[in-house]
Amino acid sequence: MADNSRHLIGLLLGAEEDWPQAFEALLRQVGPVKTASGTHEFDAERLTIEPFDLNDPVKVGLVIDRLAYWYYHPREWLKKAALMNGTYLLNSPFTFQSMEKHSAYCAMLRLGLKIPKTVLVPYKNPVDNVRWAYTSAKYNKTFDLDAIAEDLGYPLYMKPFDGGGWRGVSRINNKVDLHHAYDQSGEMLMHLQATIDYDKFARALSIGAETMVMDFRPDEPMHNRYAVSHGFLSQSAGHQAVAISRIVNAFFGWEFNSCEMLVRGDSVHPIDYANACPDVAVTSLHYYFPWAISALVKWSVFSLATGRRSSVDLQTDKYFAIADNPDLDYDAKIEAYLALADEHFDTVRYHEWCAENLPDFDARVRDWFSGSEFSDILRETVVATYPADEQEQFQAHFQGLINLWLADQAETH
């Protein structure tokens, strides 16, 4: 017998206002969805941080998190909501806490992905611990930092083993850079990582079963880091970039994450892919912002309406069996991993469900982004982000990129 269901989506936010307003507006465009299981209605609520009893009920059925990676209190609330209340989380705080960048590197190396050579070095200044002096004197071997760097080859990168948001990342061109960066690392535990000569720096943003691979320019100012560039990778490299991003997410149980890759010809080298709470601001994503927010809405709606469930069982043995199969070459392993990822994300069903139950949603998205409500949000964001003498310039910059997206959509629909 069909049931009527009301679903509440919780938004766990930092300081941003642009994408939450866009998400809320696009969620209203969904309206009631009538399926074989009944009629589903959706709403969103911004979550507050406050004391909580471990037995408190949780009224939201799904949470989109942009905060808990950095703060313990909301992270522990998410864990409680998932374990005690069955709340669906787009990002697992369990795996993001345990599988920081170091563990993520190890896991993907185990699968045979082309991770640049990486070495973990001891703290420059160990954390304060009364036992450390004794332990260090007895067990810590002296090491030659210069020799490690020479083996990796210059230039290389030094970065925290659990970093995020480019915190503590240094490009090391020579011995002077090496020792200065290591001296400044303090109590951070650091990786030294080789780099490669690359043609393109690609960043793939994956949201559920959808992935967008973007031409990323990390040395540019934030508003100009994503180039509007189609076909900037070869067909093979583009396929690998999509596949690697989804494989990473399926392996760790992540559904809202970005993956950074260095691409040389058809060779794709992931360098950073544990990015909980990835940036989706209009002032950085611009042209790609409409896709990102509509994908967040569609994946959230699909997950709630179909009763999708989270799991902390990562089933890594399935991946390791492929990794250890001597009859499979690199490309065959990527395809086998991708098949597991598509099974995890129910990719075929997701696209079929959206086509059947949200047939005009994409058109509504285009209408909304061409209307005054989005223009007002963009104006508010620009005013809050840039000094007064630059606001007109950036308003025109971002509106122009959104208009370019609208024009490109008009040509394909």
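Source: prediction; values computed, not measured.
- Looking at heavy atoms from C-beta onward, Cys259 lies in side-chain contact with Ile244 at the 4.5 angstrom threshold.
- Side-chain contact between His223 and Tyr386 is present, with at least one heavy-atom pair separated by less than 4.5 Å.
- Trp19 and Phe256 have perpendicular rings, their planes meeting at more than 60° on a 0 to 90° scale where under 30° would count as parallel.
- Residues Leu62 and Thr87 fail the side-chain proximity criterion, which asks for heavy atoms closer than 4.5 Å.
- Remark: the His269 side chain and the Ser267 side chain contain an N/O donor-acceptor pair separated by less than 3.5 Å.
- Side-chain polar atoms of Trp299 and Glu210 form no donor-acceptor pair below 3.5 angstrom.
- Proximity of Tyr273 to Ser258: side-chain heavy atoms (C-beta onward) are nowhere separated by under 4.5 Å.
- Residues Asn249 and Asn257 have side chains that bring a donor and an acceptor to within less than 3.5 angstrom of each other.
- For the pair Val365 and Val297, the minimum side-chain heavy-atom distance is 4.5 Å or more.
- Side-chain contact between Phe369 and Leu26: present, with at least one pair of heavy atoms (C-beta onward) separated by less than 4.5 Å.
- A donor and an acceptor atom, one from each side chain of Gln29 and Trp368, are nowhere located under 3.5 Å apart.
- Within 6.0 Å of CD in Glu392 there are 12 or fewer heavy atoms belonging to other residues, nucleotides or ligands.
- Side chains of Trp254 and Ser92: no donor on one and acceptor on the other come within 3.5 Å.
- With respect to the salt-bridge test (charged N to carboxylate O, under 4.0 angstrom), the residues Asp151 and Lys117 qualify.
- Remark: side-chain polar atoms of Arg75 are paired, donor with acceptor, to backbone N or O of Ala68 under 3.5 angstrom.
- With contacts defined as side-chain heavy-atom distances shorter than 4.5 Å, the pair Glu41/Ser5 does not qualify.
- We find that Lys200 and Asp215 are joined by a salt bridge, their nearest charged nitrogen and carboxylate oxygen being less than 4.0 Å apart.
- Between the side chain of Thr35 and the backbone N or O of Ser37, at least one donor-acceptor pair lies under 3.5 Å.
- Considering only heavy atoms from C-beta on, Thr195 stays 4.5 Å or farther from Leu156 through its side chain.
- The aromatic rings of Phe394 and Phe398 lie parallel to each other, their planes meeting at an angle below 30°, with 60° marking the opposite boundary.
- Nearest approach of Ala292 to Leu285, heavy atoms of both residues: CB-CD1, 3.8 Å.
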Full working for salt bridge (Lys or Arg N to Asp or Glu O under 4.0 Å) between Glu187 and Lys124: CA-CA 6 Å; Glu187 295 184 355; Lys124 174 63 179 181; over 6 Å; no

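- In this structure, Arg364 does not pair ionically with Asp367, as no charged nitrogen and carboxylate oxygen lie closer than 4.0 Å.
- Counted by atom type alone, Thr283 and Thr385 present zero donor-acceptor pairs between their side chains at under 3.5 Å.
- Side-chain N/O atoms of Ser234 and Asp266 include a donor and acceptor closer than 3.5 Å.
- Between Lys34 and Thr39, the closest heavy-atom pair is CG-OG1, 3.6 Å.
- Side-chain contact, Tyr198 with Arg264: no donor N or O sits under 3.5 Å from an acceptor N or O.
- Side-chain contact annotation: Arg309 with Tyr88, donor-acceptor N/O pair under 3.5 Å absent.
- In this structure, CZ on Arg366 lies 10.0 Å from CG on Asp360, to the nearest 0.5 angstrom.
- For the residue pair Glu356 / Trp353, no side-chain donor-acceptor distance below 3.5 Å is found, with atom types taken as modelled.
- Sparse packing is recorded around NE2 of His180, with 12 or fewer heavy atoms of other residues, nucleotides or ligands lying under 6.0 Å away.
- In terms of the salt bridge (Lys or Arg N to Asp or Glu O under 4.0 Å) criterion, Lys175 has no residue partners (sequence neighbours excluded).
- Residues that satisfy the salt bridge (Lys or Arg N to Asp or Glu O under 4.0 Å) test with Asp279, not counting sequence neighbours, are absent from this structure.
- The distance from the CE atom of Met108 to the CD1 atom of Ile115 is 8.0 Å, given to the nearest 0.5 Å.
- More than 12 heavy atoms of other residues, nucleotides or ligands sit less than 6.0 Å from atom OH of Tyr330.
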Criterion salt bridge (Lys or Arg N to Asp or Glu O under 4.0 Å) on Glu17 and Arg46, from CA distance to verdict: CA-CA 11 Å; Glu17 285 289 336; Arg46 301 190 186 194; 2.9 Å; yes

Between side-chain atoms of residues 319-326 and protein atoms elsewhere (two or more places apart, or another chain), which donor-acceptor pairs fall under 3.5 Å?
from: Asp324; atom 1: OD1; to: Arg110; atom 2: NH1; distance (Å): 2.9
from: Asp324; atom 1: OD2; to: Arg110; atom 2: NH2; distance (Å): 3.0
from: Asn325; atom 1: OD1; to: Asp327; atom 2: N; distance (Å): 2.9

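- Between Ile49 and His73, the shortest heavy-atom distance links the atoms CG2-ND1, 3.3 Å.
- Among residue pairs with one or both ends in residues 343-354, those qualifying as salt bridge (Lys or Arg N to Asp or Glu O under 4.0 Å) are Asp346-Arg349; sequence neighbours excluded.
- Of the N and O atoms on the side chains of His239 and Glu335, at least one donor lies less than 3.5 Å from an acceptor on the other residue.
- With respect to the salt-bridge test (charged N to carboxylate O, under 4.0 angstrom), the residues Glu260 and Arg203 qualify.
- In this structure, CZ in Phe251 is found 10.5 Å from CG in Leu340, a value given to the nearest 0.5 Å.
- Shortest non-hydrogen contact noted between Leu328 and Lys333 is O-CE, 3.3 Å.
- Proximity of the aromatic rings of His191 and Tyr105 is defined here by a centroid distance below 6.0 angstrom, and this criterion is met.
- Counting all heavy atoms, side chain and backbone alike, Pro116 lies closest to Gln193 at CB-CG, 4.0 Å.
- Across every non-hydrogen atom of Pro122 and Tyr182, the tightest pair is O-OH, 2.7 Å.
- In this structure, Gln235 places its CD atom where only 12 or fewer heavy-atom neighbours from other residues, nucleotides or ligands lie under 6.0 Å away.
- For residues 235-250, the pairs satisfying salt bridge (Lys or Arg N to Asp or Glu O under 4.0 Å) are Arg246-Asp342, with sequence neighbours left out.
- Aromatic pair Tyr287/Tyr226: ring centres not closer than 6.0 Å.
- Judged by distance alone, the side chains of Asp146 and His179 do bring a donor and an acceptor atom under 3.5 Å apart.
- Leu12 pairs with exactly one of Val60, Leu78, Ile64, Thr48 by the side chain to side chain contact (heavy atoms under 4.5 Å, CB included) rule, that one being Leu78.
- A side-chain donor-acceptor contact under 3.5 Å links His40 and His7.
- Taking NZ from Lys159 and CG from Asp272, the interatomic distance works out to 5.5 Å, rounded to the nearest 0.5 Å.
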Worked check of salt bridge (Lys or Arg N to Asp or Glu O under 4.0 Å) between Asp43 and Arg6: CA-CA 8 Å; Asp43 201 359; Arg6 296 186 65 87; 5.3 Å; no

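- Side-chain N/O atoms of Lys80 and Asn85 include a donor and acceptor closer than 3.5 Å.
- Annotation: His344 is not in aromatic contact with Phe252 [ring centroid separation under 6.0 Å not met].
- Listed by chain and number, the residues in a salt bridge (Lys or Arg N to Asp or Glu O under 4.0 Å) with Lys114 amount to none (sequence neighbours excluded).
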